[in-house]
Asker: 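This structure is in structure tokens; I'll ask about it shortly.
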Amino acid sequence: MNIFRLAGDVSHLVAILILLMKIWRSKSCAGISGRSQVLFALVFTTRYLDLFTVYISAYNTVMKVVFLALSYATVYLIYMRFRNSYDSENDTFRVEFLLIPVIGLSFLENYAFTPLEILWTFSIFLESVAIMPQLFMITKTGEAESITTHYLFFLGLYRALYIANWVWRYHTEGFYDQIAIVSGVVQTIFYCDFFYLYVTRGEEIRTPS
Amino acid sequence: AKKTKSKDEL
């Protein structure tokens, strides 16, 4: 554990909490892509199956359980509790275009050809593209509420901090995780355009039409 | 290239 890794995890947690609290307090999930949130729940589910097989640390276990619980709570709020406010007409990104290549890639490139390892790889690849339905929705409607942009900022920052963590670990431990690093860099690149708009235009984002 | 999976990262 180093400062970049800890800051990355905190940033990830903050992002998820911002989104959950926004939906809970406004009793609305307008402007939020339910499809992206389902993909994130799938990411956590397939990655954290090792909760049942190996014990790493109390921190590791607690964080995994928290991320799983919060991601399912978010999906529940969008599709059940506040489904009247769900903007399904603009949440139309075809997720099969993400899932099919990601499933294929996880079978081709993995650390071991076992169910758990393939699912772990699937989750890493899927995480890198899971935000695309949300970004697509913002492009389609041409706007995002400021609180939604804060969510995206912290979510992007999390993987960017993980990159710093990987650089740090490579230099201090000589350790690197090729699949996670490549996917993490790809994931962060998707946020660059958003980061630019966030910084230059301020919180509320309107895409040029 | 050496390939290792990180087990402790989230």
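Below, read A as the first sequence line, B as the second, and so on, with proteins coming before strands; counting in each chain starts at 1.
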Asker: B:S6: what forms a side chain to side chain contact (heavy atoms under 4.5 Å, CB included) with it, not counting sequence neighbours?
Answerer: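 Testing B:S6 for side chain to side chain contact (heavy atoms under 4.5 Å, CB included), a comparison that skips the adjacent residues, returns A:R169, A:F175, A:D177, B:D8, B:E9.
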Asker: Are the side chains of A:F82 and A:Y86 in contact, using a 4.5 Å heavy-atom criterion?
Answerer: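 Of all side-chain heavy-atom pairs linking A:F82 with A:Y86, none is under 4.5 Å.
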Asker: Using a 4.5 Å cut-off on heavy atoms from C-beta on, say whether the side chain of A:Y191 contacts that of A:I131.
Answerer: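 Sidechains of A:Y191 and A:I131: in contact.
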Asker: Can you pull out the residues in residues 48-66 of chain A with any heavy atom less than 4.5 Å from chain B?
Answerer: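 So the qualifying residues are A:Y48, A:I56, A:Y59, A:N60, A:M63, A:K64.
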Asker: Could you check if a side-chain atom of A:Q178 sits within less than 4.5 angstrom of a side-chain atom of A:Y176, using non-hydrogen atoms only?
Answerer: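 Yes, their side chains come closer than 4.5 Å.
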Asker: Could you check whether any side-chain N or O of A:S71 sits under 3.5 Å from a backbone N or O of A:L68, counting only pairs where one atom can act as donor and the other as acceptor?
Answerer: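 Judged by distance alone, yes, a pair lies under 3.5 Å.
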Asker: Ignoring hydrogens and geometry, is there a side-chain-to-backbone donor-acceptor pair from A:D91 to A:D87 under 3.5 Å?
Answerer: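 It does not hold such a pair.
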Asker: Indicate yes or no: at least one non-hydrogen side-chain atom of A:Y151 is less than 4.5 angstrom from one of A:I147.
Answerer: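 No; the side chains remain at least 4.5 Å from each other.
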Asker: Would the distance check show the side chain of A:T148 and the main-chain N or O of A:A144 forming a donor-acceptor pair, the cut-off being under 3.5 Å?
Answerer: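 No, A:T148 side chain to A:A144 backbone: no donor-acceptor pair under 3.5 Å.
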Asker: How would you list, in number order, the residues of residues 26-47 of chain A that have a heavy atom less than 4.5 Å from chain B?
Answerer: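 If one takes a 4.5 Å heavy-atom cut-off, the residues of residues 26-47 of chain A near chain B are A:R47.
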Asker: Taking 4.5 Å as the heavy-atom cut-off, does anything in residues 1-12 of chain A contact chain B, and if so which residues?
Answerer: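 Only A:R5, A:D9 of residues 1-12 of chain A have a heavy atom under 4.5 Å from chain B.
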Asker: Would you say the side chain of A:F190 lies within less than 4.5 Å of the side chain of A:M132, judging by non-hydrogen atoms?
Answerer: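 When only atoms from C-beta onward are counted, A:F190 and A:M132 do touch, with a gap below 4.5 Å.
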Asker: Less than 4.5 Å apart, side chain to side chain, heavy atoms only: is that true for A:K140 and A:F93?
Answerer: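 Not in contact.
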Asker: Could you check if a side-chain atom of A:F154 sits within less than 4.5 angstrom of a side-chain atom of A:L13, using non-hydrogen atoms only?
Answerer: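 A side-chain contact under 4.5 Å is absent here.
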Asker: Heavy-atom pairs under 4.5 Å with chain B are the metric here; pick the option from A:W120, A:Y162, A:F67 that has the most.
Answerer: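 So the answer, after comparing A:W120, A:Y162, A:F67, is A:W120.
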Asker: Pair B:K5, A:T121 - check side-chain hydrogen bond (donor to acceptor under 3.5 Å, both in side chains), show working.
Answerer: CA-CA 10 Å; B:K5 176 185 160 187; A:T121 313; over 6 Å; no
Asker: Does the ring center of A:F194 lie less than 6.0 Å from the ring center of A:Y198?
Answerer: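 They qualify: ring centres under 6.0 Å apart.
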